[in-house]
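Sequence lines set the chain letters: A, B, ... in the order given, protein chains first and strands last, and positions in each chain run from 1. Note that this is a predicted model, so its numbers are computed, not measured.
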Protein chains: 2
Amino acid sequence: MSQGSGSQVTAVRSRRRLNRAVKEALRELGIQLTRLSRGVGERLDLRGGDLQCLDLITRYGPISPSALSRQAGLHPATLTGILDRLQLGGWIARDRDPDDRRSVVVRAEHGRGAEILRLYLVDSGMNAAMDQVCAQYAVEELELVARFLSQTARAGAVAADTLGGSRA
Amino acid sequence: MSQGSGSQVTAVRSRRRLNRAVKEALRELGIQLTRLSRGVGERLDLRGGDLQCLDLITRYGPISPSALSRQAGLHPATLTGILDRLQLGGWIARDRDPDDRRSVVVRAEHGRGAEILRLYLVDSGMNAAMDQVCAQYAVEELELVARFLSQTARAGAVAADTLGGSRA
DNA sequence: TCGTATAATATGGAAAGCATATCATATGGA
DNA sequence: TCCATATGATATGCTTTCCATATTATACGA
């Protein structure tokens, strides 16, 4: 009995330790992704918030400025300025929403998105580095990792909504 | 032979697909962590760059402003302003470096770091959400995930250095 | 010891952020 | 239908932040 409960205790401790390790690694990852993002922004002459919005547009667009401001947690007026700059730089286009003529839909200009991704991934070496990392894992393991990352992203989205949403 | 090479091809394709899936999930995760971070910053009355720096200080500090500006990819003069605000808010302290009297070391004020973490993790529900996610995985699986995350963070660090470093 | 390099900060002009006002359009109810 | 109110985007003006440059203090090599 002492051995059985002993290894149970060990398992629980391992799990606790791993929970912490995962969270810690996640925090570190966040820091590094932020740094990477800033580097990319600098190359493209885009300030922090601008790149974040562009990223959101390429991913979730076409999208209205108001929806975007909620997503990004930015003041609507701030967003007008950001969109002005992105439009001036040829990154995005603003179209009128046919269904609601007050509204505008923002979409990424074709071809430009690829430029970001290339910088993000290729020029920085991140793409090759990730291929190397992935190569170390079996297919089933990568499946696991991808699933974990998606779940974590979703958890982050919910958490961000919780924080940002209560601002109303 | 046709069957053997066929399943080989399938395996290669799976791997390609998973590589893409992992990168995509990583990008999504980056977006969500950025959103979460902004939400936290808003609660603490800290703008984007300020929180990023504070995060770096709590993690790598005590650290000199110049080293910090390199890490964060910010202009030294910008950093002075950021540190002024962080100091005014009681988040950090500036001490003279005993070895080099030109230099300053910045360190996080005790107790405050915990406040950030609490907001990041607890108030936003991220902590509980991550516990739930982790609970779905076996100990060995978590071990795998933690290793992957660390490797990815390191890859991100190298990539960010590559982009930022060539600015010199 | 002197010239040069480095670290941090001060200064001032440019840019960005944000609260508020404004204008156009939508929507629900009398 | 008409009107009151709500909503979406942007304009305006003030405040804050950013950043190139200059400045001050210290280190270090010739």
Chemist: Any donor-acceptor pair under 3.5 Å linking the side-chain atoms of R102(B) with those of S66(B)?
Modeler: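 There is no such pair between these side chains.
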Chemist: Please confirm whether the backbone N or O of A146(A) pairs with a side-chain atom of S150(A), one donor and one acceptor, at under 3.5 Å?
Modeler: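 Confirmed, S150(A) side chain pairs with A146(A) backbone.
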Chemist: Can you tell me the Watson-Crick or wobble partner of dA7(C), both distances under 3.5 angstrom?
Modeler: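 The base-pairing partner of dA7(C), which may sit in any strand shown, is dT24(D).
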Chemist: In this structure, how many angstroms lie between the P atom of dA8(C) and the CD1 atom of I63(B), rounded?
Modeler: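 So the two atoms are 10 Å apart, to the nearest Å.
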Chemist: Measure the spacing between CH2 of W91(B) and CG of L46(B) and express it to the nearest 0.5 Å.
Modeler: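 Result: 5.5 Å between the selected atoms.
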Chemist: Are any protein N/O atoms closer than 3.5 Å to N/O atoms in nucleotides 17-20 of chain C? If there are, list each pair with its distance.
Modeler:
unit_1: dG17(C); atom_1: OP2; unit_2: R85(A); atom_2: NH2; d: 3.0
unit_1: dC18(C); atom_1: OP2; unit_2: T78(A); atom_2: OG1; d: 2.7
unit_1: dA19(C); atom_1: OP2; unit_2: H75(A); atom_2: NE2; d: 3.0

Chemist: Let me confirm one number: the SG-CZ distance from C53(A) to R47(A), rounded to the nearest 0.5 Å.
Modeler: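 With rounding to 0.5 Å, SG (C53(A)) is 14.5 Å from CZ (R47(A)).
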Chemist: So if I take every side-chain heavy atom of R101(A) and compare against dT9(C), dT10(D), dT25(C), which nucleotide ends up nearest?
Modeler: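 Within the option list, the nearest is dT25(C).
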Chemist: Do R43(A) and S124(A) have side-chain atoms, one donor and one acceptor, less than 3.5 Å apart?
Modeler: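 Side-chain D/A pair, R43(A) to S124(A): absent.
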Chemist: Quick check for you: among dA24(C), dT9(C), dT10(D), whose closest atom lies nearest to any side-chain atom of T80(A)?
Modeler: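 The listed nucleotide nearest to T80(A)'s side chain is dT10(D).
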Chemist: Would a distance-only check, ignoring hydrogens and angles, find a side-chain to backbone donor-acceptor pair under 3.5 Å from R107(A) to D95(A)?
Modeler: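 No, because the side chain of R107(A) does not come within donor-acceptor range (under 3.5 Å) of the backbone of D95(A).
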Chemist: For dA9(D) and S103(A) - does any side-chain N or O of the residue sit under 4.0 Å from the phosphate oxygens OP1/OP2?
Modeler: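 Checking S103(A) against dA9(D): at least one side-chain N or O falls below 4.0 Å of OP1 or OP2.
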Chemist: Take a 6.0 Å sphere around CZ of R154(B) and say whether it holds more than 12 heavy atoms from other residues, nucleotides or ligands.
Modeler: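 Counting other residues, nucleotides and ligands, CZ of R154(B) stays at 12 neighbours or fewer.
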Chemist: Can you pull out the residues from residues 88-99 of chain B that lie within a 4.0 Å heavy-atom distance of DNA chain C?
Modeler: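 Contacting residues: R94(B).
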Chemist: If I take atom CG in residue L79(A) and atom P in nucleotide dT10(D), what distance separates them, rounded to the nearest angstrom?
Modeler: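 Rounding to the nearest Å, CG of L79(A) and P of dT10(D) are 9 Å apart.
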Chemist: Would you give the length of the straight line joining atom CZ of R59(A) to atom CD1 of I31(B), rounded to the nearest 0.5 angstrom?
Modeler: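 If I round to the nearest 0.5 Å, the distance is 5.0 Å.
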Chemist: Are Q136(A) and Q132(A) linked by a side-chain donor-acceptor pair shorter than 3.5 Å?
Modeler: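 Q132(A) and Q136(A) do not have a side-chain donor-acceptor pair below 3.5 Å.
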Chemist: Testing N127(B), L44(B), L33(B), D55(B) one by one against Y120(B) for a side chain to side chain contact (heavy atoms under 4.5 Å, CB included), which residue passes?
Modeler: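 Testing Y120(B) for a side chain to side chain contact (heavy atoms under 4.5 Å, CB included) against N127(B), L44(B), L33(B), D55(B) leaves exactly one candidate, D55(B).
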Chemist: How close or far is atom C1' of dA7(C) from atom CZ of R70(B), stated in whole angstroms?
Modeler: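 From R70(B) CZ to dA7(C) C1': 10 Å.
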Chemist: Could I get a table of every N or O pair under 3.5 Å where one atom is in the protein and the other is in nucleotides 12-14 of chain C?
Modeler:
none

Chemist: Within the distance-only criterion (no hydrogens, no angle test), does the side chain of R35(A) pair as donor or acceptor with the backbone N or O of Q71(B) below 3.5 angstrom?
Modeler: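 Yes: the side chain of R35(A) pairs with the backbone of Q71(B).
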Chemist: Please tell me which of R102(B) and V105(A) maps to the more 5' nucleotide of DNA chain D, matching each residue to the nucleotide holding its nearest heavy atom.
Modeler: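 Its nearest nucleotide lies further toward 5', so the answer is V105(A).
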Chemist: Measure the distance from CG on L83(B) to P on dA8(C) and round it to the nearest whole Å.
Modeler: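 Checked: the CG to P distance equals 9 Å.
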Chemist: Checking contacts here: which listed nucleotide (dT6(C), dT25(C), dA9(D)) is nearest the side-chain heavy atoms of D100(A)?
Modeler: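 Closest nucleotide among those given: dT25(C).
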